[in-house]
Protein chains: 4
Amino acid sequence: MPVEDVRAASQRAARRSQILEAAKHVFSEAGYHGASIHAIIERAEIARGTFYLYFESKEAVFGAVLDEAMTGLRRRIVRIETGLGARSPKDQLTDMVSSLLEFVVADRPLATVLLSSSSTPDAEAAARLAAFYTEVRSVIALSLETGVQIGLLRRCDPELTAAALLGLVRGIVEHCVSRGESPPIEDVTRELIDLALVGVLAR
Amino acid sequence: MPVEDVRAASQRAARRSQILEAAKHVFSEAGYHGASIHAIIERAEIARGTFYLYFESKEAVFGAVLDEAMTGLRRRIVRIETGLGARSPKDQLTDMVSSLLEFVVADRPLATVLLSSSSTPDAEAAARLAAFYTEVRSVIALSLETGVQIGLLRRCDPELTAAALLGLVRGIVEHCVSRGESPPIEDVTRELIDLALVGVLAR
Amino acid sequence: MPVEDVRAASQRAARRSQILEAAKHVFSEAGYHGASIHAIIERAEIARGTFYLYFESKEAVFGAVLDEAMTGLRRRIVRIETGLGARSPKDQLTDMVSSLLEFVVADRPLATVLLSSSSTPDAEAAARLAAFYTEVRSVIALSLETGVQIGLLRRCDPELTAAALLGLVRGIVEHCVSRGESPPIEDVTRELIDLALVGVLAR
Amino acid sequence: MPVEDVRAASQRAARRSQILEAAKHVFSEAGYHGASIHAIIERAEIARGTFYLYFESKEAVFGAVLDEAMTGLRRRIVRIETGLGARSPKDQLTDMVSSLLEFVVADRPLATVLLSSSSTPDAEAAARLAAFYTEVRSVIALSLETGVQIGLLRRCDPELTAAALLGLVRGIVEHCVSRGESPPIEDVTRELIDLALVGVLAR
DNA sequence: AATGAATGAGGGTTCATTCAT
DNA sequence: CATGAATGAACCCTCATTCAT
């Protein structure tokens, strides 16, 4: 690939990022419907037409914002190793949750979009997000089943519990995001893990 | 108040309810922005102008729908009695949660509206919902503090834990609502309580 | 039907006509694409939204304009009677053509729209006009065949001749419309009929 | 002119032709407004900017397409010779019409553009086409007058008849173009001439 | 000469809200 | 009280044209 093309491609990617970033902020502040192309291009400091050079439609940018977020999350979701020599499940879980929280909480707009967008934007994107959450619930449910089988966890309805745990995490993220400044991630993580693992009851 | 006025007032209230019911369904199916006045008045079988005799604006009906829901929920939220002769906290909690779930899950549109609307519809309504959730979190947080003080619960960050627990409940409601037919409320309640109290870990 | 409804219906029809009339002018001046909703509502002196209370879309008004024109034309197109006691075919034809020309030439915008709109507006309307012209050609072709069979007309390719005659009429209409003031319709009609019947050659 | 310049000029002309050809197709398929620069440059396989190196605007290409067509037509329109030793007017006319039809019908896109473009695209080009048709009508009208004077033709309104004859030709061209495969040009020509000269009536 | 990213005016359409009846 | 025709701001999107490379 000639040098100019490389530069062109990278410039194009940069522009795309710039728009994506602007869109993420606008979506997070106004929701899908409340967000106007006007607001996005104003924030991105580009012309109306330019927007449509990079994204087919409002729905498309929203999808892209979501995809980006989901990719970031997926990269941080890993299976818990239970083999010999593996670190303790709780430690692994702690690392994973910590990493996830860090990613989400650090990018407040992203978190807002992720949290708020059960509001059916327009079919496909909503479906994609729903699919993502279903996917996450499945991972959790499977982990729960495994945990039960190896006797680490008590018996429970895996699906329901997975849904509850996902909600629990969302609740915590919302908490962190809603206040100007959230407590250190490691503290939050510890509380989260403790709550999920041993509940609130005193022994 | 003369008889006619009483009748008039009750008729007025009935009309209002009729619109409110229609609006709740429409909001739950289409979200705040997706809901159109047209859809609401069509469902309520009234004329356009009539709508505005009962509600100031779209935002106002949405607020009313929310308020109605919140009233129903508030009625079911009670302090846990810890005095002598009181039933066990767990039993009280179970009853309360059970009652709340029943109320919410039975009225799917209501549940949908409650769940979906962190998506900032339009400032005020969103604020009202946020305020409601804050209120709920406060109740939970206070209960947690009390529980810790009397040694029933282990120490934790009450605010954070309250947020997590609220999320947990929402996750479960979402789970129940999302499938066509949810498991018996009492089972769901038991799982919820167990998870919250003792977590997932086997003893 | 109650009196108010009658009035309402007639008012509605009047409004519709008003918009239709404005649209006809605008379409005739700017063509389908060149015509903007803005121009139409400005001419009709109504608000943007009002337009859409009466017509679904720009395409729909165009279709309505066309339909109106086609209805007017169809009413004036009749079969030539060849039975005993019927007036001479030439006289019948003269009357018909005269009536058609009068209708079209008197309404210049209408004529313009009819003439100019092979310009593919948008699928359906274009198809409708094309269908109309096809229909007219068919009527002419059939008449020609009949005429040939009864020995009134010389042999010819009916389809081709019908197309030519239709074009001939359109040419004349265009001529009449293009000049500010056209010659008396009866003169034009006579020339048209003569040309079609006996051509330009001297006997 | 240096050799390089000659080559350059011819290359430039070739490029221009290439764009013109693409434009003609696009205009004929989509009409003036429906045609997009995008479609033209795609078909011509050139870049956006390049287009504007050869044509000032969309309107300008359209004008050029029209001019090209009109040039082709003009070359085939000749005066009928009436002097001694000239071939019979009918034969001359037949040759001319035949040549014209061949030119137009063979280049369907061109025919489509010519036929469809009374739809005022954008003032100037429309004016040019109108001027062309006026010019053609004048030639026909003059020929008619001459024919009448020398007793070859019966008396008629030359202007009106010219308009009618032009329409007649357009009707026939439309007929030929609209069907996938038109009858042999010579047959069409004969019908056309016969119709124009002696009409449809049996002698 | 050639490119194509960028521009922004302008297009059609929707819909919450008002007000004369 | 109830009605629904009328309003017009705001929306998303297209596309002819420009200009830095």
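A, B, ... follow the sequence lines: proteins, then strands. Residue 1 opens every chain.
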Discussion item. Give the dot-bracket line for DNA chain F from 5' end to 3' end: parentheses for intra-strand Watson-Crick or G-U pairs under 3.5 Å, square brackets for crossings, | for inter-strand pairing, dots for unpaired.
Written reply: .||||||||||||||||||||
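Rounding to whole angstrom units, NE2 of residue D:His33 and C1' of F:dT14 are separated by 13 Å. When rounded to the nearest whole Å, the span between NE2 of B:His38 and P of E:dT17 equals 16 Å. Between the CD1 atom of B:Ile41 and the P atom of F:dT3 there is a distance of 10 Å, rounded to whole Å. Atom CZ of C:Phe55 is separated from atom C1' of E:dT14 by 18 Å (rounded to the nearest Å). When rounded to the nearest whole Å, the span between CD of D:Gln18 and P of E:dA1 equals 15 Å. Rounded to a whole Å, the CZ atom of B:Phe62 is 18 Å from the C1' atom of E:dC15. Atoms CD (A:Glu59) and P (F:dC11) sit 18 Å apart, rounded to a whole Å.
Using a 4.0 Å heavy-atom criterion, one finds that B:Ala39 contacts no nucleic acid atom at all. Backbone-only contact: C:Ala35 has heavy atoms under 4.0 Å from sugar-phosphate atoms and none from a base.
Here B:Phe62 contributes atom CZ and B:His33 contributes atom NE2; the two are 10.5 Å apart, rounded to the nearest 0.5 Å. In this structure, CD1 in A:Ile41 is found 9.5 Å from CD1 in A:Ile19, a value given to the nearest 0.5 Å.
Every residue two or more places apart in sequence or in another chain that forms a side-chain contact (heavy atoms from CB on, under 4.5 Å) with A:Arg108 is listed here: A:Thr112, A:Val177. Considering only residues two or more places apart in sequence or on other chains, B:Asp67 meets the side chain to side chain donor-acceptor pair (under 3.5 Å) condition with none of them.
A cation-pi contact links B:Lys58 to B:Tyr32, judged by a cut-off of 6.0 Å to the six-membered ring centre and 45° from its axis.
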Side-chain polar contacts of residues 21-28 of chain D - donor-acceptor pairs under 3.5 angstrom, sequence neighbours left out - could you list them?
unit_1	atom_1	unit_2	atom_2	d
D:Glu21	OE1	D:Lys24	NZ	3.4
D:Lys24	NZ	D:Asp107	OD2	2.7
D:His25	ND1	D:Glu21	O	3.1
D:Ser28	OG	D:His25	O	3.0

Please tabulate, one pair per line, each protein N/O and nucleotide N/O from nucleotides 3-6 of chain E that are separated by under 3.5 Å, including the distance.
unit_1	atom_1	unit_2	atom_2	d
E:dT3	OP2	D:Ala47	N	3.3
E:dT3	OP2	D:Thr50	OG1	2.6
E:dG4	N7	D:Gly49	N	2.9
E:dG4	O6	D:Gly49	N	3.3
E:dA6	OP1	A:Arg15	NE	3.0
E:dA6	OP1	A:Arg15	NH2	3.3
E:dA6	OP2	A:Tyr54	OH	2.3

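Distances from the side chain of A:Ile37 to the nucleotides F:dA16, E:dT13, F:dC13 place F:dC13 closest. Distance from the side chain of D:Ser36 is smallest to F:dA16 among F:dA16, F:dC13, E:dG12.
Contact of the B:Tyr54 side chain with the B:Val61 side chain is not registered, since no non-hydrogen atoms from C-beta on lie closer than 4.5 Å.
Taking side-chain N and O atoms only, C:Tyr52 has no distance below 4.0 Å to OP1 or OP2 of E:dT14.
Considering every non-hydrogen atom in both A:Tyr133 and A:Leu114, the closest pair reads OH-O, 2.9 Å.
Residue pairs meeting the salt bridge (Lys or Arg N to Asp or Glu O under 4.0 Å) criterion with at least one member in residues 32-55 of chain A, sequence neighbours excluded, are A:Glu29-A:Arg43.
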